[in-house]
Amino acid sequence: MCGIVGYIGTQDTKEILLKGLEKLEYRGYDSAGIAVMNEMGVHVFKEKGRIADLRAIVDNDVTASVGIGHTRWATHGVPSKVNAHPHQSTSGRFTLVHNGVIENYAILKREYLQDVNLVSETDTEVVVQIIEKFAQEGSHIEEALRRTLAILKGSYAIALVDNEDPETIYVGKNKSPLLVGVGDDFNVVASDAMAMIQVTDQFVELMDKEMVIVRKEAVTLKKLNGEIVERAPYTAEIDASDIEKGTYPHYMLKEIDEQPLVIRKLIQKYQDETGILTIDTDIIQATQQADRIYIVAAGTSYHAGLVGSQMIEKLAKVPVEVHVASEFNYNMPILSEKPLFIFISQSGETADSRAVLVQVKDLGHPALTITNVQGSTLSREADYTLLLHAGPEIAVASTKAYTAQLGVLAIFASVLAEAKGHTVEFDLVQDLGIVANAMEILCDEKEELENLARKFLSTTRNCFFIGRTMDYYVGLEGALKLKEISYIQAEGFAGGELKHGTIALIENGTPVIAISTQEQVDLSIRGNVKEVVARGANPCIISMKGLETEEDSFVIPAVNELLSPLVSVIPLQLISYYAALHRDCDVDKPRNLAKSVTVE
Ligand code: F6R
C-alpha cells in the first residue's frame, strides 16, 4: 500500500526520492508524487499512474537537498493527480505525505476546517490543513504537528515539511509502518528499509505515537508529550542485489525459481551445530503450556496457516484453529483457557492481523509471529518471532514466502512434537531436502506448465480448483494466485463440497484443476472429477508420482504427503503466471492490489 520516502542531506534529493519510490512500487499504488524544498520554496510534482509518469513531469532544473515522496494506494477519493500526495495547506507553507486512514477525518473537517476550501477528496488534506490552522493560532510547527497528531483517530505515518523551516522533515507514526534511516551528513525516512537500502543500512524503528525531527546532522525521537526517546539504529540485513530482477522478466518468476534455495536456507537456519532442527526453547515451552493454538492471518498466509494447522495437529497433537484476521478482529470466538496465538504474515505489517495482536496482548495471551521481515510491527509486538529467511518478496503475489511459511510451520510442528514426547516417524531434514529437489524439477518444467495454462485458461472466464484435505488448502492458494494476477474468476473448493451448490456453475469447457497428492483421498477426488466431467468440465488433474493415472495432465515428484503442499503449489503458481502473461496482465503489480496491506 502507500509508501513514504524522505531525504535531507547534501545530494540531489529528487533522484534519491524517485529511486526510493521505485523500490516501493512493489507495495502497490496508483499515483505518486514528490515535494522538494530549496531557497525558492517548495516544488511539488505529482501524477496519476506509475513512477515513470511522475519522472516525466519532474523539472530536472530544480535542485534541492530536502524532500519527501509518496506512492498512493487510493482509499479516500479516486486515483487522480489532485488526490495524489504530497498535499499542501492553503497558504502553501506546509506540505505533507501520509499513509494510513484517518478514521475521524470528516468530524475533524467539520470541527476545524469549516472555512477552508479543500481541493482533494482525501483524509490526508484535512491533516495538513489542521496543522496550518494550529500554526496560524501561534503554535510552533512542532507544537502544531503534536496537537494535530493528538486528535487524529486511525492509522498514520506522516512526513511533513515547512517552508519556513527548510532544514527539517517532521515525522509522526501510529499503526502504519515508518522508519528513519541514518547516514553521515544525511538522514532519510522510509516506509520500509528496502526503499533506502541504496544509501544506508542503519535504521531506527518508530513506535506508535512517536514523532521524529529529522535534520541533516541529527535525528530526534520524541513521544507525543515531548519527552525525548533514545533508540539505537539497527542494521537492515538486506542485500541490495536481492531486490533486483536480474535477467528475469518478472519478480514473480524469479521468486518462484528461488523456492528450492529458500527451503535449503531454512533447513540451515533452523539446524543446530549437530544438524538437528531446533526452535528457540522459550517458544517451545510457551507452546507446550498452551491447550490450543490459534493461527491468525490473511490471504496467502491464511492458506499457509490451514496447512500448518494439519502439520501441528498431526505431529504435535495440539488442537489448532485457523482464523481470517479481519473477521477474528470483530468476531472473536470463545477462547480456550490457555491459548497461544500464531500470526503468519510475510510483511509483518498487515493491519488486520495487527489489530488482533493488539487485542490478544491486551488479554495477556502469548503470541508468536512467523514473518519474512525482521523488525516488522507484528514481529516487534509479539512475544516471539520465527523468520522465514526468504529474502525480500517483491511481486505482489506471494510465492516463496508461502512455501517458506510452510517450511517453518513444518519445522515448528516437528520440534514441538519431539518436545511433547511424540515420535516423528520421518527425518524432516531429509524430507525437506527432497522437497527442495522436487521444487527444482518443477521449476524446470515451465514449458509444459505454460502449455497447460494455454490449453485450459487462455479463453476461460472462470476456473475451479478442487482437492481434499491438504490438496483443498493448496487449491485455495492456487485459486487466489490465478485470480489475483490473471483476473480469471477462480474458486478453490473441497472436492466433496462442489455438489452442494457450486456445481451449478459447471458448463461445457469449464476448467477444473484437481489436485491429488494424498493417498487416503485419491479415489474420492477422482470421483469428484468424474462428477464435473459428466457436466461438461474440462479437467486438469495434477497428481503426485505414485498416484498418477493416464488421465492426469501433470505429475509432480513424490514427497512426504505432509509436505506435499510445498511442491504441489509450484505448478499452480506457474500456471497462474503464464495465464496472466497470456492475457497481457501486469504480473508483478496486479490491479487494485497492494503488497503490504496496512489499512484494516
Ligand atoms: C496473495 C497475497 C496476500 C497476502 C495477504 C497477507 O498473493 O500476497 O493475500 O498473503 O495480504 O499479507 P501478509 O502475509 O503480509 O500478512
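Both ligands and their constituent atoms are indexed starting at 1 by order of listing.
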Contacts of Glu445 that satisfy salt bridge (charged side-chain N to carboxylate O under 4.0 Å, His left out) - sequence neighbours left out: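 Not a single residue meets the salt bridge (charged side-chain N to carboxylate O under 4.0 Å, His left out) criterion with Glu445.
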Run the salt bridge (charged side-chain N to carboxylate O under 4.0 Å, His left out) test against Arg583 and tell me which residues pass, sequence neighbours left out. none
Checking side-chain hydrogen bond (donor to acceptor under 3.5 Å, both in side chains) between Gln259 and each of Gln573, Glu440, Arg264, which is the one that passes? Gln573
Short N-O contact, Lys175 and Asp208, less than 4.0 angstrom: no
Does the pair Glu381/Arg354 count as a salt bridge with the N-to-O cut at 4.0 Å? yes
Atom-level proximity to ligand 1, residues with heavy atom under 4.0 Å: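 For ligand 1, the contacting residues are Ala298, Gly299, Thr300, Ser301, Ser345, Gln346, Ser347, Thr350, Val396, Ala397, Ser398, Leu480, Lys481, Glu484, Val597.
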Under the rule for side-chain contact (heavy atoms from CB on, under 4.5 Å), what residues qualify as partners of Ala190, not counting sequence neighbours? Ala195, Met196
